[in-house]
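All remarks here apply to the structure that follows.
One is the number of the first residue; the rest follow in order along the sequence. Hydrogens, waters and symmetry mates are skipped; everything else that's a heavy atom, side chains included, is used.
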Amino acid sequence: MKKYILSLLVLMFSAITYAAVSKTINLISAGTLSSLITISEKSSITDLTVSGNIDATDFKCMRDEMTVLANVDMTSVIIKAYSGNLGTYFDGIMSYPANEIPNGAFSPKYMDGIPKGKKSLISVKMPLSTTSIGSIAFSNCSGLTGDLLIPNSVTIIKEGAFADCTGFNGTLTLSPVLTIIETSAFQNCNGLVGNLIIHESVTSIGDLAFMFCSNITEVVIPKSIVSIGDNSFFGCSVINKITVAKVNAPIISSSTFDGIAKNTCVV
């Protein structure tokens, strides 16, 4: 009987420990998230819906102070510009543009040269007003799952923004106004599946951009592309069709599609 009661208590404690805790909050002033949630909430909130105005310091609060944060909905958020030393990237004064998911938003500053992504994070709905996604913003957030939807207003995805997000197990939908995909933007996102549609708005794909996205099956390189980096699709081993507009053929290096059967390229 004692063993039964003890087991029951353990199960009850575990259920309480891992229970989802939700909070919805509207920030009238950017930079106030940390002051509007209690210490106990910072260690218990798993699901956060936030609206209003936020800046890089609020992202830092979500990343570093909210220790079990798993699901974030920022759909209605406006990201304000911030300049100072309390943001998400490296120590020292930095400027963070408005409407940009900040550099290092959910990936703490480099330690031993490797971004340490927020492992508790499962899903993020980005602000609909987002125009760019900063460097290593989600790098190594290996707990992110499902589809990856880039908001329709995003024009630039910066270096390493989603690198090593190995937990994704759905499709990648790029913004129809996207123009630049920088170096290693989606490197090692090996759970992304299906066809990769790169819209006519895209002009540049950086080195290693989709390296080891090993479950992408088809790629279309539109005629709008003016530069495409080395090894940008290296190791995308299950691609069975690559369509390249004739105008792009001269800019594609011999290493762009390394690791893929050469007869898969259609020009």
Side-chain angles (χ1 to χ4, degrees), residues 10-27 31-52 54-77 79 86-90 96 100-127 130 133-151 157 160-170 172 185-192:
V10 169
L11 287 172
M12 290 175 62
F13 177 76
S14 297
I16 293 170
T17 302
Y18 295 102
V21 176
S22 302
K23 188 173 182 71
T24 299
I25 189 166
N26 178 56
L27 299 185
T32 60
L33 178 60
S34 182
S35 64
L36 294 177
I37 52 178
T38 66
I39 292 175
S40 62
E41 285 179 322
K42 289 176 182 178
S43 61
S44 63
I45 292 173
T46 58
D47 297 9
L48 177 68
T49 300
V50 58
S51 59
I54 68 174
D55 63 22
T57 65
D58 298 308
F59 278 94
K60 188 173 183 179
C61 171
M62 288 186 280
R63 187 192 72 188
D64 296 345
E65 298 180 48
M66 303 184 71
T67 55
V68 294
L69 187 61
N71 303 294
V72 184
D73 185 343
M74 297 181 287
T75 306
S76 301
V77 154
I79 302 174
L86 300 177
T88 51
Y89 211 38
F90 299 107
Y96 299 84
E100 178 176 283
I101 303 292
N103 295 341
F106 290 98
S107 187
K109 64 182 180 180
Y110 285 92
M111 301 173 185
D112 302 324
I114 301 174
K116 310 293 184 182
K118 188 174 181 67
K119 304 303 183 186
S120 65
L121 206 59
I122 295 173
S123 70
V124 175
K125 293 181 180 179
M126 290 176 266
T130 302
I133 300 174
S135 298
I136 66 165
F138 298 94
S139 181
N140 218 336
C141 288
S142 56
L144 288 171
T145 61
D147 298 330
L148 175 52
L149 175 64
I150 306 299
I157 300 174
F162 295 94
D164 299 305
C165 287
T166 55
F168 282 124
N169 56 356
L172 168 62
F186 298 97
Q187 183 177 344
N188 292 329
C189 289
N190 52 24
L192 293 174

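- Residues Glu100 and Ile133 fail the side-chain proximity criterion, which asks for heavy atoms closer than 4.5 Å.
- In terms of heavy atoms, Pro151 sits closest to Thr130 at CG-CB, 4.4 Å.
- Separating the CG atom in Leu172 from the CD1 atom in Ile150 is a distance of 6.0 Å, to the nearest 0.5 Å.
- Evaluation of the side chain to side chain contact (heavy atoms under 4.5 Å, CB included) rule for Thr38 yields Ser40, Glu41 as partners, not counting sequence neighbours.
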Solution key, residues 138-149 side-chain donor-acceptor pairs under 3.5 Å, sequence neighbours excluded:
unit_1	atom_1	unit_2	atom_2	d
Ser139	OG	Ala163	O	3.4
Asn140	OD1	Lys119	NZ	2.9
Asn140	ND2	Pro115	O	2.9
Asp147	OD1	Thr171	N	2.9

TODO: Report the C-alpha distance between Thr46 and Met66 in whole Å, list the side-chain angles of each, state the deciding distance to 0.1 Å, and finish with yes or no for side-chain contact (heavy atoms from CB on, under 4.5 Å).
DONE: CA-CA 8 Å; Thr46 58; Met66 303 184 71; over 6 Å; no
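- A heavy-atom distance below 4.5 Å is not found between the side chains of Asp55 and Tyr96.
- By the ring-ring contact (aromatic ring centres under 6.0 Å, His included) test, Phe168 is found to be paired with no residue, residues two or more places apart in sequence or in another chain being considered.
- Under the side chain to side chain contact (heavy atoms under 4.5 Å, CB included) criterion, Ser135 pairs with Tyr89, Asn103, Lys158, Glu159, not counting sequence neighbours.
- Partners of Ala105 according to the side chain to side chain contact (heavy atoms under 4.5 Å, CB included) rule, which considers only residues two or more places apart in sequence or in another chain, are Phe59, Ile101, Pro102, Ala137.
- Annotation: side-chain hydrogen bond (donor to acceptor under 3.5 Å, both in side chains) contacts of Ser34 (sequence neighbours excluded): Lys42, Glu65.
- Between Ile45 and Val68, every side-chain heavy-atom pair lies at or beyond the 4.5 Å cut-off.
- In this view, Asp64 satisfies the side-chain hydrogen bond (donor to acceptor under 3.5 Å, both in side chains) rule with no residue, not counting sequence neighbours.
- Judged purely by atom type and a 3.5 angstrom limit, Asp58 uses its side chain to pair as donor or acceptor with the backbone of Gly31.
- For the pair Arg63 (side chain) and Lys118 (backbone), a donor-acceptor distance under 3.5 Å is absent.
- Side chain of Ser120 to backbone of Leu69: a donor-acceptor contact under 3.5 angstrom is found.
- The shortest non-hydrogen separation linking Ala185 to Ile157 is CB-CG2, 4.0 Å.
- A heavy-atom distance below 4.5 Å is not found between the side chains of Thr57 and Leu33.
- In this structure, the side-chain hydrogen bond (donor to acceptor under 3.5 Å, both in side chains) partners of Asp164, at least two apart in sequence or on a different chain, are Asn188.
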TODO: Apply the test side-chain contact (heavy atoms from CB on, under 4.5 Å) to residues Ile37 and Lys23: give CA-CA distance (whole Å), side-chain angles for both, the deciding distance (0.1 Å), then the verdict.
DONE: CA-CA 9 Å; Ile37 52 178; Lys23 188 173 182 71; 3.7 Å; yes
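- Note that the NZ atom of Lys125 and the OG atom of Ser76 stand 10.5 Å from one another [nearest 0.5 Å].
- A 4.5 Å side-chain heavy-atom check between Ile25 and Leu48 finds at least one atom pair inside the cut-off.
- Applying the side-chain hydrogen bond (donor to acceptor under 3.5 Å, both in side chains) criterion to Ser123, with sequence neighbours excluded, gives Asn71.
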